[in-house]
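This chain uses plain numbering: 1 for the first residue, then up along the sequence. All heavy atoms count here, side chains included; hydrogens, waters and symmetry mates do not.
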Amino acid sequence: MTKHMTYLIKLEELAQFILAIWLFAQMDFAWWVFPACILLPDVSMVGYAVNTKVGAWVYNLFHHKTLAITILIVGFSISNDILLLAGIILFAHSAMDRILGYGLKYPDSFKHTHLEQMG
């Protein structure tokens with residue numbers, strides 16, 4: 001991947017992360033809830049205790065923005081603040097990971113992502 005493309009992807013993800021912060025700011029949660037919850041989606045790495053295939057599947061499920069957006073829509077539709085928060089956190093976390101170069105995982109290795117081969 002070229003440096004230009006990497007920059008464009010990180011810029012796009014930064015905009016999405018800022019959007020998530022803005023969405024969170026529209027809610028009635030204390031400010032500290034966002035940083036307290038932002039790393040929770042990484043609990044999904046527990047799947048790697050089984051093997052890399054299961055680990056990648058579970059990790060990708062919780063780091064896929066479609067899941068975050070779906071939870072957001074459901075939370076909005078039924079006026080459920082906890083689901084809205086969960087969707088915002090999943091969305092923000094996925095954007096943050098991609099800013100840092102962590103992409104969705106291939107089943108052969110944790111370091112093999114859709115963005116690049118890490119390390």
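When all heavy atoms are compared, the tightest approach of G103 to Y59 is O-CE2, 3.7 Å. For the residue pair I71 and A86, the shortest heavy atom distance occurs at CG2-CB, 4.1 Å. Smallest separation of non-hydrogen atoms from V33 and L85: CG1-CD2, 3.9 Å. Considering every non-hydrogen atom in both A92 and A20, the closest pair reads CB-CB, 3.5 Å. Here the shortest heavy-atom pairing between I99 and F17 reads CD1-CB, 4.1 Å. In plain terms, the two heavy atoms of I38 and H93 that are nearest each other are O-ND1, 2.6 Å.
Under a hydrophobic-cluster definition in which Ile, Leu, Val, Met, Phe, Trp and Tyr are linked whenever side-chain heavy atoms come within less than 4.5 Å, directly or via other members, I78 and L84 are assigned to different clusters. Following chains of ILVMFWY side-chain contacts shorter than 4.5 Å, one cannot reach V43 starting from V54, and the two form parts of different hydrophobic clusters. Tracing side-chain contacts under 4.5 Å through hydrophobic residues (I, L, V, M, F, W, Y), one never reaches L40 starting from F62; they form parts of separate clusters. In the hydrophobic clustering of this structure, L90 does not group with L39; members are Ile, Leu, Val, Met, Phe, Trp, Tyr whose side-chain heavy atoms approach within less than 4.5 Å, directly or through other members. In the hydrophobic clustering of this structure, L61 does not group with M96; members are Ile, Leu, Val, Met, Phe, Trp, Tyr whose side-chain heavy atoms approach within less than 4.5 Å, directly or through other members.
Side chains of D42 and Y102: a donor-acceptor N/O pair is absent below 3.5 angstrom, by distance only. No side-chain donor from either of H64 and N60 sits under 3.5 Å from a side-chain acceptor of the other.
Under a 3.5 Å cut-off, the side chain of H114 and the backbone N or O of L104 do form a donor-acceptor pair. No donor-acceptor pair under 3.5 Å is formed between the side chain of H63 and the backbone N or O of S94.
Side-chain atoms of D81 and D28, non-hydrogen and from C-beta on, never get closer than 4.5 Å to each other. Within the 4.5 Å cutoff, the side chain of I89 has heavy atoms near those of the P41 side chain. For the pair I9 and L115, the minimum side-chain heavy-atom distance is below 4.5 Å. Proximity of M5 to K10: side-chain heavy atoms (C-beta onward) are nowhere separated by under 4.5 Å. A heavy-atom distance below 4.5 Å is not found between the side chains of I21 and F24. Contact annotation: the side chain of F110 never approaches that of T52 to less than 4.5 Å [non-hydrogen atoms, C-beta and beyond]. Looking only at side-chain heavy atoms (C-beta outward), L83 and F76 stay at 4.5 Å or farther from each other. Using a 4.5 Å cut-off on side-chain heavy atoms (C-beta onward), E12 and Y7 make no contact.
Rounded to the nearest 0.5 angstrom, E13 CD and L8 CG are separated by 11.5 Å. Note that the NE2 atom of H4 and the OG1 atom of T6 stand 10.0 Å from one another [nearest 0.5 Å]. Within the model, atoms CG of L72 and CG of L67 stand 10.0 Å from one another, a figure rounded to the nearest 0.5 Å. Atom CD1 of I18 is separated from atom CG of L23 by 12.0 Å, given to the nearest 0.5 angstrom.
Heavy-atom neighbours of F34 CZ from other residues, nucleotides or ligands within 6.0 Å: above the threshold of 12.
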